[in-house]
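First comes the structure, then the notes that go with it.
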Amino acid sequence: MSSVGCSLFCSVFEDEHELAMGDYESAQARWCPGCGDHAVLTAMQRLLAEEQLRRESTVFVSGIGCSSRFPHYIKTYGFHGLHGRALPVATGIKLHRPELDVFVVMGDGDCVSIGAGHWVHATRYNMDMVALLLDNEVYGLTKNQTSPTTPAGHATNTQPYGSYLPAMNPVEATLGITNASFVAQTAEWIPPHLYATLKAAYRHNGFAFVRILQRCPKFTGDIFQRYIQSPDMVELMEHEAGIETPALHAIYKNQRRHDPSDLDAARRLAETDDVVRLGIFFRDETLPRYEETRALPAFTAEERISILNEEFDRYAV
Ligand code: SF4
């Protein structure tokens, strides 16, 4: 993986040929065997190849956590940053290099705990990027502490008698943020659904927030088992304006038509229920994007210096 520092000034890839999935493979992933992060990595490499994203114009940004090792395993530019700070780094990159495709990879501790303020405001800023929340419902890298999405009653090292509080619902919370423009949920153990969701998120014009339910066999192996063993506990939300996965209908018989332009319905459906709902809850490409406020006239360097000097003169004493 190359550093973003270099990417701002030069390119080490300069792709001119058609790229295959293997062209996006980097170091051997060191996640535990059976970890859901492997499936997300594979789906993402497939998306990059199918969309023919140029490696020199693609950036993956992460914070801290197991899933935040993502940029090391994908051969594009990348930035493995500080805990909870992936989104401010990503928004900075996008503001100054709007032509880049920016992907953000966060865990639940990273996004909805220490990074919660950034999550709220990045959603509201609605800048054109894909933000993935790989939610294994525990702190995995630091070895099994309760996170905001850990289910009530689930024992961890920090709450050995079970988590005291009801789990936070990141989809419901994101749908409550002003100017949220794309909110989806998928599961890494259903690869066709995962891929269809990633593709829709990438093609969305704005901030695409995707919560990916992610197995952590090491610490939360039991949490998603009931959904895996009983497909009837999964409900697919389908719509021509959202995603449609007819190949899954034989297994996932529980389906619902949901128009993702209906925010009220999206909020109702996002509330915790006995079933887990997968698909696009909400999508609106007409909402304002922060980078549009930066559409300033193109000044020369001399003009910019002159404008700055005028501004400084206002404060001269
Ligand atoms: Fe994956 Fe859990 Fe292992 Fe982390 S601890 S790599 S989340 S299985």
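Just so you know, these numbers come straight off a predicted model, no measurement behind them. Heads up: numbering here begins at 1 and tracks the sequence. We count ligands from 1, going down the list as the structure has it; atoms in each ligand are counted the same way.
- Remark: the backbone N or O of Arg289 is paired with a side-chain donor or acceptor of Glu292 at under 3.5 angstrom.
- Annotation: atom 2 (Fe) of ligand 1 to nearest protein heavy atom, Cys216 SG, 2.3 Å.
- Here the rule is side chain to side chain contact (heavy atoms under 4.5 Å, CB included) with Pro231, and of Asn254, Ile251, Ile190 only Ile251 fits it.
- Those atoms of ligand 1 with a heavy atom of Trp31 less than 4.0 angstrom away are 6 (S).
- Using cut-offs of 30° and 60° for the angle between ring planes, the His121 and Tyr125 rings count as perpendicular.
- With ligand atoms numbered from 1 in the order given, ligand 1 contributes 7 (S) to contacts under 4.0 Å with heavy atoms of Asn136.
- Distances from atom 8 (S) of ligand 1 to the heavy atoms of Ser67, Pro217, Gly34 put Pro217 nearest.
- For Cys32, the nearest N, O or S atom to atom 3 (Fe) of ligand 1 falls under 2.8 Å.
- The backbone N or O of Glu51 sits nowhere less than 3.5 Å from a side-chain atom of Tyr202 that would complete a donor-acceptor pair.
- Atom 2 (Fe) of ligand 1 has no N, O or S atom of Cys66 under 2.8 Å away, backbone or side chain.
- Residue contact check: Cys35 has heavy atoms under 4.0 Å from atoms 1 (Fe), 6 (S), 7 (S), 8 (S) of ligand 1.
- For the pair Arg46 and Tyr195, the cation sits on the ring face: its NZ or CZ lies under 6.0 Å from the ring centre, inside 45° of the axis.
- Under the 3.5 Å distance criterion, with hydrogens and angles disregarded, no donor-acceptor pair is assigned to the side chains of Asp101 and Thr58.
- Under the 4.0 angstrom criterion for non-hydrogen atoms, Gln214 is in contact with ligand 1.
- Taking every heavy atom of Phe219 and a limit of under 4.0 angstrom, the matching atoms of ligand 1 come to 5 (S).
- A heavy-atom distance below 4.5 Å is found between the side chains of His193 and Ile243.
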